[in-house]
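Here the structure comes first, spelled out in structure tokens, and everything after it is commentary.
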Amino acid sequence: MIRFDTVTKVYDNNSRPALDAVSLEVDRGEFVFLVGASGSGKSTFIRLVLKEDRVSRGAVYVAGQNVANIPSWRVPKLRRGIGVVFQDFRLLPNKTVFANVAFAMQVIGKSRAVIRETVPDVLQTVGLEGKNNRMPHELSGGEQQRVAIARAIVNRPGILLADEPTGNLDPTTSMGIMKVLGKINSNGTTVVMATHDDDIVNTMRKRVVELRNGSVVRDDAQGIYIGETGVSAQ
Amino acid sequence: MRFAFVLGELGSGLRRNLAMVVSIILVTFISLTFVGAAGLLQLQINQMKGYWYDRVQVAVFLCVDNSTSPSCAAGPVTDDQREDIKATLESASFSEYVSTVEYESQQEALGHFQDQFANSPIVDSVTADQLPESFRVNLVDPEKYEVINEAFSSTPGVDVVSDQRELLERLFTYMNVASAIALTIAGVMLLCAVLLVATTIRLSAFSRRRETGIMRLVGASKAVIQLPFVLEGVIAAVIGGLLATVTLWAVAHFALNGVLAEMYPETAFISSSEVLLLAPLLILLGGVLAGVSSLLTLRRYLRV
């Protein structure tokens, strides 16, 4: 589903590469944790999949297609096949829960009838039934992230990228979010989640790819993750 | 649905940026009014040229009842005198100066007068016998007007020889200078309008970067993301163009055809309906400038 072929990404010629000859393959339906300290290249990985940035060397394939060969007017189509969730939720503060999720369908031209039918289903999937008309500021952090997840999956993308989705949440809430992501994965969506929360990684027992200074240092099928300082490993 | 969505975004953009949008409307309104004023001046010049410039290089007016020049002392021109003048004008000795000679009877003069002054109240009070018959002489070299003047100004039956080109040219020079000034002001104002559109669109894009960021992530096309911003500038400019049209029409209708036409009934003014010929051009100019300006701004400040 996603394949990195000796990908190097240099932002600034004077500093070390953000990604250094990374080769990695994520299969359809997989759940992969991308772990590593800040600056290890996790966010760069996600940006390259979305074609937000260009690779310096190597090639990124999404659903079999080299993203470098996608013309700029086709990039929106690539992004429709990928849902993205961020640490800071990125909801529209003046829109209700329903409208925030519906927004993702409106902008790609879905009809009102389809939106009215789909959005409640997706809100139910993420555990927000009955909160259609709440405003984002009336929700807890965990609930806001659920809205963001609902928005990311409402157009049924094949891939869900989550960049530190639990970074702003307490452990209990985080586990709830992980259950939602697990459920989405079990419905067939490929999930790549960047995180440095070792508790979550160790609980889920999924594939772990560890990045350090832009290189893959470990790729375990049912791995664990111990933070580099060991502080939260207790 | 997408159309409705773009309109909704457009509406929220216009509301959020109301002050800036109003300033775009005003600046384009003023600048397009100057562009239109320059255009109307040119139309007015053409209107006058259209009748006078081509035909009347030199007019040899013949005596009528109320002519006062010495050569008309014997009363209105006789048939013999008219034939003599015509023969002299067409004779070999004048052929190196004169290219064509046309005779205009009193009735034809009235006809031309009525065409020319169709918008003026004077038309109804003029009759054919008040207008002189004339020979309209096209010169090979328009500068050689003096030759005709010397030869005919004291000929019996000739009232006056006039080179109206000279008089008209002076007037046209003034009008051209005025329209050039109007165009210069318009140019400066249009530049302001373009820069103002760019600034407004930049602010608008900045204040909605959250929305556009999400649109980009969920795969909205470039057109859906950019269109509300472009339309914001274009609609403001088009409203400015409409206001300019209304103003120019009011000026043409009330000032030109109302006040000035009464003060100078012998001058032919353009009619207010000619403003409507200019209107689509003004609105198009405003819209295109705003559209191009906002597209260029978005290319720089809005990632898609």
Side-chain angles (χ1 to χ4, degrees), chain A residues 46-47 49-53 62 70-86 88-95 99-116 122 136 147-163, chain B residues 1-21 200-235 291-292 294-304:
Chain A
I46 285 174
R47 293 176 63 80
V49 174
L50 288 168
K51 210 189 175 191
E52 294 245 29
D53 280 320
V62 175
I70 300 176
S72 64
W73 62 274
R74 297 274 289 185
V75 169
K77 192 147 189 282
L78 166 77
R79 293 186 183 146
R80 283 178 206 185
I82 306 170
V84 198
V85 180
F86 297 95
D88 57 357
F89 319 139
R90 302 200 186 170
L91 300 178
L92 298 173
N94 52 355
K95 286 189 194 294
N100 262 287
V101 179
F103 187 78
M105 302 185 78
Q106 284 170 344
V107 299
I108 63 166
K110 290 287 166 65
S111 77
R112 204 172 298 225
V114 172
I115 291 174
R116 252 196 303 251
V122 174
V147 178
I149 293 170
R151 182 179 65 198
I153 62 166
V154 73
N155 292 318
R156 310 201 183 291
I159 300 170
L160 179 64
L161 302 176
D163 192 357
Chain B
M1 189 64 211
R2 219 176 304 197
F3 184 65
F5 173 76
V6 167
L7 284 187
E9 287 294 297
L10 171 66
S12 80
L14 289 176
R15 267 197 306 281
R16 276 199 217 182
N17 265 333
L18 195 60
M20 295 297 276
V21 169
T200 306
I201 297 308
R202 198 174 143 187
L203 276 178
S204 193
F206 185 76
S207 72
R208 278 188 281 163
R209 63 195 185 286
R210 202 188 267 269
E211 280 89 340
T212 51
I214 292 165
M215 286 161 117
R216 210 156 55 85
L217 275 181
V218 299
S221 65
K222 197 170 161 180
V224 169
I225 298 176
Q226 294 194 338
L227 204 57
F229 296 102
V230 175
L231 284 180
E232 196 176 316
V234 170
I235 283 180
V292 169
S294 37
L295 271 179
L296 289 180
T297 312
L298 288 176
R299 233 172 56 173
R300 224 178 125 190
Y301 293 101
L302 185 68
R303 287 193 56 196
V304 286

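In this text the structure is predicted, and so the values were computed from the model without any measurement. In what follows, every chain begins at residue 1, and chains take the letters A, B, ... in the order their sequences are listed.
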Measure the shortest side-chain to side-chain distance between A:R79 and B:V218 over non-hydrogen atoms and say whether it is less than 4.5 angstrom. no
Could you pull out the closest heavy-atom pair between B:R210 and A:P93, with the gap in Å? CD-CD, 3.8 Å
A:F103 and B:E211: which non-hydrogen atoms are nearest, and at how many Å? CE2-O, 3.9 Å
Between the OG atom in B:S221 and the CZ atom in A:R80, the distance rounded to the nearest 0.5 Å is 6.5 Å
Given side chains that start at C-beta, do those of A:E52 and B:L217 come closer than 4.5 Å, heavy atoms only? yes
Does A:R47 CZ have over 12 foreign heavy atoms under 6.0 Å away? yes
Minimum-distance pair of heavy atoms, taken over all atoms of B:V224 and A:V107: CG1-O, 3.7 Å
Portion of A:I108 that has a non-hydrogen atom of chain B nearer than 4.5 angstrom: both
Using non-hydrogen atoms and a 4.5 Å limit, figure out which bit of A:N94 sits close to chain B: side chain, backbone, both or neither. side chain
If I measure from the heavy atoms of chain B, does A:L78 come under 4.5 Å with its side chain, its backbone, both, or neither? neither
Report yes if the side chains of A:S72 and B:K222 come closer than 4.5 Å at any heavy-atom pair, otherwise no. no
Name the option with the most non-hydrogen atom pairs under 4.5 Å to chain B; the candidates are A:R151, A:R90, A:K95. A:R151
